[in-house]
Participant: 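Following this message is one structure expressed as structure tokens.
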There are 2 protein chains.
Amino acid sequence: MTDSEIRYQSLLHKLQQRGCRLTSHRLALARLLSISEGHPNASQLYETLRTQFPTISLATIYKTLTLLKEEGEVLEIDLHSDSHYDGNKPYPHPHLICSRCGAILDGDSVRSLTALNQEIEQTYGFHISRYQLVFYGVCQSCLQAERSA
Amino acid sequence: MTDSEIRYQSLLHKLQQRGCRLTSHRLALARLLSISEGHPNASQLYETLRTQFPTISLATIYKTLTLLKEEGEVLEIDLHSDSHYDGNKPYPHPHLICSRCGAILDGDSVRSLTALNQEIEQTYGFHISRYQLVFYGVCQSCLQAERSA
DNA sequence: TTCTTTTTGGATAATCATTCTCTAAACATG
DNA sequence: CATGTTTAGAGAATGATTATCCAAAAAGAA
Ligand SMILES: [Mn+2]
Ligand SMILES: [Mn+2]
Ligand SMILES: [Zn+2]
Ligand SMILES: [Zn+2]
């Protein structure tokens with residue numbers, strides 16, 4: 001069983017547990033989220049699904065995303081113009097956004113994050129329940145392309 | 001000269017440098033930003049100013065905020081529903097948002113932030129130009145109020 | 001100063017992501 | 001199959017933000 005299939009089953013399981021009807025639209029969205037490497041927004045999900053399901057509505061995308069968010073199976077990333085979604089790593093983790101190519105990259109695998117969280121809790125007596133960390137700049141491949149040009 | 005007056009003069013200076021007209025509306029907004037301890041959003045600024053300047057428009061607030069953002073004198077904090085603004089610390093710094101009382105607190109004075117930035121640049125070969133870090137949770141005073149209750 | 005030309009502040013209208021509402025379809029039960 | 005209940009999802013509404021455009025202010029000519 002591949003990673004994305006495990007993810008897909010997990011999404012379905014949570015929807016079922018909640019007693020939601022597993023319609024073809026919802027199944028297709030869950031699959032798309034589980035196979036998406038990037039971090040699509042609602043419109044991108046909509047446009048992709050519309051080719052196979054011409055009658056699907058944007059509101060259905062939003063409502064199902066909200067369900068999956070509430071079940072902790074999808075992470076919402078609030079950006080300036082809209083929200084993007086991560087269906088593979090539904091826990092808080094840093095994201096790197098390239099201002100050249102627009103890519104939204106995962107920035108987990110940083111050790112110093114736990115230290116930062118601890119320092120915040122200690123310094124400010126603040127009890128953290130969740131965080132959102134976004135870095136804006138230029139990604140590795142864009143930097144390399146620039147250098148070799 | 002108080003801190004907020006220094007800040008006020010700095011805002012005015014940048015608007016002048018840019019060749020902007022220093023209207024009463026703009027002066028009032030600059031002053032309000034410089035004396036605000038919290039992190040108001042556009043509507044809050046609007047409502048506050050409207051008592052003294054009944055003809056001011058929300059669009060004027062937004063346009064002046066954009067000017068000051070471009071001049072690096074105001075930091076915009078993108079949150080889920082709207083943007084909030086910091087006219088006193090216009091450089092990126094962490095914010096702590098309390099889900100009980102709604103306060104948006106400054107979370108500068110954390111040493112581990114530079115380590116995190118360095119780790120991101122090294123691990124991912126990403127060139128950071130700016131970041132936004134928001135912690136959600138419960139603030140110190142709300143925790144204390146809860147304990148003593 | 002007075003008239004003309006140019007700039008731009010800011011009120012109003014438009015936009016667009018997101019949410020609300022309500023109908024029609026799916027489900028359960030007898 | 002009939003009848004009552006739930007809910008998916010299409011279309012309408014909302015609300016923060018942005019674009020447009022007119023009037024007022026500045027600049028320049030005479
Ligand atoms: Mn991610
Ligand atoms: Mn701040
Ligand atoms: Zn890039
Ligand atoms: Zn609080």
Side-chain angles (χ1 to χ4, degrees), chain A residues 11-12 14-33 39-50 52-71 74-85 97 102 104 132, chain B residues 11-12 14-33 39-71 74-85 102 104 132:
Chain A
L11 297 183
L12 292 196
K14 282 291 175 60
L15 287 176
Q16 240 169 356
Q17 260 191 335
R18 207 186 157 108
C20 291
R21 294 185 200 155
L22 298 184
T23 63
S24 59
H25 291 179
R26 288 187 167 169
L27 293 177
L29 177 56
R31 177 156 299 281
L32 180 53
L33 284 170
H39 299 81
N41 62 17
S43 311
Q44 288 165 346
L45 294 165
Y46 176 58
E47 289 307 325
T48 303
L49 292 174
R50 219 149 65 99
Q52 201 178 348
F53 301 89
T55 69
I56 197 172
S57 127
L58 195 49
T60 301
I61 310 279
Y62 276 109
K63 287 185 80 170
T64 308
L65 283 172
T66 301
L67 286 173
L68 291 169
K69 255 192 306 178
E70 285 173 11
E71 293 301 322
V74 162
L75 177 76
E76 179 175 7
I77 310 158
D78 274 316
L79 299 180
H80 183 263
S81 55
D82 57 2
S83 285
H84 288 246
Y85 299 89
I97 301 186
I104 303 177
Q132 179 174 293
Chain B
L11 296 183
L12 292 194
K14 282 290 175 61
L15 287 176
Q16 241 168 357
Q17 260 191 335
R18 207 187 157 109
C20 292
R21 293 185 201 157
L22 296 184
T23 63
S24 60
H25 290 178
R26 287 187 169 171
L27 293 177
L29 177 57
R31 176 157 300 281
L32 181 52
L33 284 169
H39 299 82
N41 63 16
S43 310
Q44 288 166 344
L45 293 165
Y46 176 60
E47 289 306 325
T48 303
L49 292 174
R50 218 148 67 98
T51 61
Q52 200 177 348
F53 301 88
T55 69
I56 198 172
S57 127
L58 195 50
T60 300
I61 310 280
Y62 276 109
K63 286 184 79 171
T64 308
L65 283 172
T66 301
L67 286 174
L68 291 169
K69 254 191 308 176
E70 285 173 9
E71 293 300 322
V74 162
L75 177 76
E76 179 174 7
I77 310 157
D78 275 316
L79 299 181
H80 183 261
S81 55
D82 57 3
S83 285
H84 288 246
Y85 299 88
I104 303 177
Q132 179 174 290

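Nothing here was measured: the structure is a model prediction, and the numbers come from that model. We name chains A, B, ... by the order of the sequence lines, and we start the count at 1 in each one.
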Participant: In whole angstrom, give the distance that lies between atom CG of A:L65 and atom P of D:dG9.
Facilitator: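 Nearest whole value for this atom pair: 13 Å.
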
Participant: Which nucleotide in the list C:dA11, C:dT21, D:dT18 gets nearest to the side chain of A:K63?
Facilitator: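 Ranking C:dA11, C:dT21, D:dT18 by closest atom to the A:K63 side chain puts C:dT21 first.
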
Participant: Taking B:E76 for the side chain and B:K69 for the main chain, is one N or O donor matched with an acceptor at less than 3.5 Å?
Facilitator: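 Such a contact is absent between B:E76 side chain and B:K69 backbone.
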
Participant: For B:H25 and C:dT8, what is the distance between atoms NE2 and P respectively, to the nearest whole Å?
Facilitator: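 The distance from NE2 of B:H25 to P of C:dT8 comes to 19 Å, rounded to the nearest Å.
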
Participant: In terms of heavy-atom contacts, does CD of A:Q52 have more than 12 from other residues, nucleotides or ligands at under 6.0 Å?
Facilitator: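 12 or below, so no.
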
Participant: Taking any heavy-atom pair under 4.0 Å as a contact, classify A:T64: base, sugar-phosphate, or nothing.
Facilitator: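 A:T64: no heavy atom of the nucleic acid under 4.0 Å.
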
Participant: The side chain of A:T60 lies closest to which of these nucleotides: C:dG9, D:dG9, C:dA11?
Facilitator: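 The nucleotide sitting nearest to the side chain is D:dG9.
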
Participant: Please work out if A:T55 contacts a base, only the sugar-phosphate, or nothing of the nucleic acid, heavy-atom cut-off 4.0 Å.
Facilitator: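 Counting heavy atoms under 4.0 Å across all strands, the contact made by A:T55 is with sugar-phosphate only.
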
Participant: D:dA8 C1' sits how many Å from A:L67 CG, rounded?
Facilitator: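 The answer, rounded to whole Å, is 10 Å.
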
Participant: Taking only N and O in the side chain of A:Y62, is any of them less than 4.0 Å away from OP1 or OP2 of C:dT18?
Facilitator: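 Checking C:dT18 against A:Y62, a side-chain N or O does come within under 4.0 Å of OP1 or OP2.
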
Participant: Search all heavy atoms of A:D78 against all heavy atoms of A:S83 and return the closest pair with its distance.
Facilitator: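 The pair with the smallest heavy-atom distance is OD1-OG, 2.8 Å.
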
Participant: Is it the case that atom CD in A:E70 sees more than 12 heavy atoms from other parts of the structure closer than 6.0 Å?
Facilitator: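 Check passes, neighbour count above 12.
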
Participant: Report the distance from atom CG of B:D82 to atom C1' of C:dC16, rounded to the nearest whole Å.
Facilitator: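 Distance, rounded to whole Å: 16 Å.
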
Participant: Between A:S43 and A:A59, who's closer to the 5' end of DNA chain C by nearest nucleotide?
Facilitator: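 Here A:S43 is the residue nearer the 5' end.
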
Participant: Give a yes/no answer on whether the side chain of B:S57 brings an N or O atom under 4.0 Å of OP1 or OP2 in C:dA11.
Facilitator: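 Yes.
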
Participant: How many whole angstroms separate atom NE2 of A:H80 from atom P of C:dT18?
Facilitator: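 That distance rounds to 12 Å.
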
Participant: Under 4.0 Å between any heavy atoms, over every strand shown, what does B:T23 touch: base, sugar-phosphate, or nothing? Just pick one.
Facilitator: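 Sugar-phosphate: the residue B:T23, judged by heavy atoms under 4.0 Å, touches backbone atoms but no base.
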
Participant: Could you tell me the separation between the CZ atom of B:R50 and the P atom of C:dG10, rounded to a whole number of Å?
Facilitator: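 Distance check: B:R50 CZ to C:dG10 P gives 16 Å.
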
Participant: Using a heavy-atom cut-off of 4.0 Å across all strands, would you classify A:S81 as base, sugar-phosphate, or nothing?
Facilitator: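 The residue A:S81 makes sugar-phosphate contact but no base contact.
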
Participant: Within this structure, what is the CG-to-C1' distance between B:L58 and D:dA16, rounded to whole angstrom?
Facilitator: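 In whole Å, D:dA16 C1' lies 8 Å from B:L58 CG.
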
Participant: Separation of A:H84 atom NE2 from C:dA17 atom P, in whole Å?
Facilitator: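 Roughly 10 Å, once rounded to whole Å.
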
Participant: 5'-most contact on DNA chain D: B:D78 or A:S24, nearest heavy atom basis?
Facilitator: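 Its nearest nucleotide lies further toward 5', so the answer is A:S24.
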
Participant: Between B:R21 and B:E76, which is nearer to the 5' end of DNA chain D once each is assigned its nearest nucleotide?
Facilitator: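 Upstream on the strand: B:E76.
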
Participant: Looking at A:R26 and A:T64, what are the two nearest heavy atoms and their distance?
Facilitator: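 It is NE-OG1, 3.6 Å.
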
